[in-house]
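First up is the structure itself, then whatever we jot down about it.
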There are 2 protein chains.
Amino acid sequence: MSNNAMAARLAFELVKTACSNCNLRELCLPIGIEPAELKKLDELVSTRRRLRRGDFLYRVGQGFESIYAVRSGFFKTDVMIEDGRDQVTGFQMTGELLGLDGISSEVHTCNAIALEDSEVCAIPFSHLEGLSRQIHTLQHHFHKVMSREIVRDHGVMLLLGTMRAEERLAAFLLNLSQRFKARGYSPAEFNLRMSRDEIGSYLGLKLETVSRAFSRFQEDGLLSVHQKKIRILNTDGLKTLMTHQRG
Amino acid sequence: MSNNAMAARLAFELVKTACSNCNLRELCLPIGIEPAELKKLDELVSTRRRLRRGDFLYRVGQGFESIYAVRSGFFKTDVMIEDGRDQVTGFQMTGELLGLDGISSEVHTCNAIALEDSEVCAIPFSHLEGLSRQIHTLQHHFHKVMSREIVRDHGVMLLLGTMRAEERLAAFLLNLSQRFKARGYSPAEFNLRMSRDEIGSYLGLKLETVSRAFSRFQEDGLLSVHQKKIRILNTDGLKTLMTHQRG
DNA sequence: TCGGTGGGTTGACGTGGATCAAACCCGGGG
DNA sequence: CCCCGGGTTTGATCCACGTCAACCCACCGA
């Protein structure tokens, strides 16, 4: 490699860490921000952090000072109560935010765990608050992100409270599919990063039930399933199954 | 009533509408705000609104422009999907905020319905954003409130995903009890404002199951139940039932 | 090559809560 | 006073999912 090429490469590496050059702009916080403002934002995202599969990004009880934007990889969050019961509360992929739960009490109330090797941007929360006092659009966008999390949770509550097993799994797969699509990946074919057990925990089902539902979908020609590799063969079938099932 | 008394009464009625004189200060937004700032806040809460039992505070699809603080009364929020299934996502009492779901898409994503005659303060959201750019503590407090809502929802997800019927009801009653206590009411004796059906919807159970659980608790000496009047006889019993039930 | 290991599938069976149905309770109106 | 209606209770039955257990398969390290 020539000196020039090395220098260029180095410059790229440096620049690449900045929000202004991040290809997640549309998904993450800086949406709709003016170039001048974007520059300020770059200072906000001070730290990057790499995680290996299985690493904790943060744990229950750990002091809260940053939220995190997933730059690459895949996470799950879970909560637990004393007696050992726990529940996966969400799966986060590229461009999604982690850690909003910690704001309320200055302490994280759930665990965030990398399901594959991942990278996140740490956003010191006090900085974010400071900057969002200056930049209206940032402030408003952040509020929208928090609100969207609430709406998402309501959706999960609806799922857990009213849907039967196959409807839950269908809803889950359609949601994943859509999120992959929004990121430029195939909505029809993807790898699950999580185990049957983790899916079950998220959906309020036992892993055997999840497994059976997968088998059923495959029998019915809705999916092809090979371990974690999923291919959706009949999206509409999944949709009707999700909604029209019961009266 | 003398003229003086009437004038005093009138003045009181006027003054009473302001945040600075609201006895919900501790529960609602203005916590920890300086007197000077509290004055600005008073301008924020422009409108009061009275609702009769059964009235909608807002509906799904309605444009969002304000959040609401419950001044008195009792509300429920619910979401629904096309096929008619719906779910109660929460019950809100004095000092709690309603409408945070609407921020994300500028449109309300759930219905808010008064379960008894109620009164709310409407807080225009753009004003709130404006003011929270000036008052750090307000900004931070608002973020905490949103975050707390997320944490609460995670708790409900845990309940819906992992608990059995009686555990759910115990958790629900203990939560209500605590919230009444925080408002200076008896934690041991209170009236349910909602029907068995609404409790069931919130807890992901059928009303018959809720009713049976109430009967069971009464047989076991944990509660006395007379229609909507609940008296908790054994708080610890409820707590152990909630957690220790299963391995 | 082999055994070990951990996740996944499948089957047989049990059960908690849904469903269906009847009776009850209480408040309100004629 | 009775009747009516909505919310609630209670009982009988059903079924979706959990539980328990065996087995399979992919992967891995020896």
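Chain naming here is simple, since letters A, B, ... match the order of the sequence lines and numbering starts at 1 in each. Computed over heavy atoms, backbone and side chain alike; hydrogens, waters and symmetry mates excluded.
- As a whole-Å value, the separation of B/L241 CG from C/dG16 P is 14 Å.
- For residues 107-116 of chain B, the set of pairs meeting the salt bridge (charged side-chain N to carboxylate O under 4.0 Å, His left out) definition, not counting sequence neighbours, comprises B/E116-B/R193.
- Residue B/L207 contributes atom CG, which lies 13 Å from atom P of D/dT10 at whole-angstrom precision.
- Here A/R179 pairs with A/E96 under the salt bridge (charged side-chain N to carboxylate O under 4.0 Å, His left out) rule; sequence neighbours left out.
- Taking the salt bridge (charged side-chain N to carboxylate O under 4.0 Å, His left out) definition, one finds that B/E189 meets it with B/R231, sequence neighbours left out.
- Note: CG (B/L205) to C1' (C/dA18) measures 10 Å, nearest angstrom.
- Under the salt bridge (charged side-chain N to carboxylate O under 4.0 Å, His left out) criterion, B/E208 pairs with no residue at all, not counting sequence neighbours.
- Side chain of A/R164, nearest nucleotide from D/dC17, D/dT10, D/dG18: D/dC17.
- For A/K228, the listed nucleotide lying nearest its side chain is C/dG8; candidates were C/dT19, C/dG8, D/dA26.
- For B/Q227 and D/dT9, the CD to C1' distance is 12 Å, given to the nearest whole Å.
- Contacts of A/F217 classified as ring-ring contact (aromatic ring centres under 6.0 Å, His included), with partners at least two apart in sequence or in another chain: none.
- Sorted by first and then second residue, the ring pair (Phe, Tyr, Trp, His ring centres under 6.0 Å) pairs with a member in residues 94-114 of chain A read A/Y58-A/H108, A/F64-A/H108; sequence neighbours excluded.
- C/dA21 atom P lies 16 Å from atom NZ of B/K206, rounded to whole Å.
- B/C110 pairs in a side chain to side chain contact (heavy atoms under 4.5 Å, CB included) with only one of the listed residues (B/V88, B/L98, B/T77), which is B/T77.
- Listed in residue order, the members of residues 209-225 of chain A having a heavy atom less than 4.0 Å from DNA chain C are A/S211, A/R212, A/S215.
- For the segment residues 194-204 of chain A, the set of residues with a heavy atom within less than 4.0 Å of an atom of DNA chain D comprises A/G204, in numerical order.
- Atom P of nucleotide D/dG11 and atom CD of B/E208 are separated by 14 Å, given to the nearest angstrom.
- Atom P of nucleotide C/dG17 and atom CZ of B/R168 are separated by 7 Å, given to the nearest angstrom.
- Taking the six-membered ring wherever Trp is involved, the centroid distance between the rings of A/F91 and A/F75 does not fall below 6.0 Å.
- The salt bridge (charged side-chain N to carboxylate O under 4.0 Å, His left out) test applied to B/K144 returns A/E106, not counting sequence neighbours.
- One atom, NE2 of B/H226, and another, P of C/dC24, lie 18 Å apart when rounded to the nearest Å.
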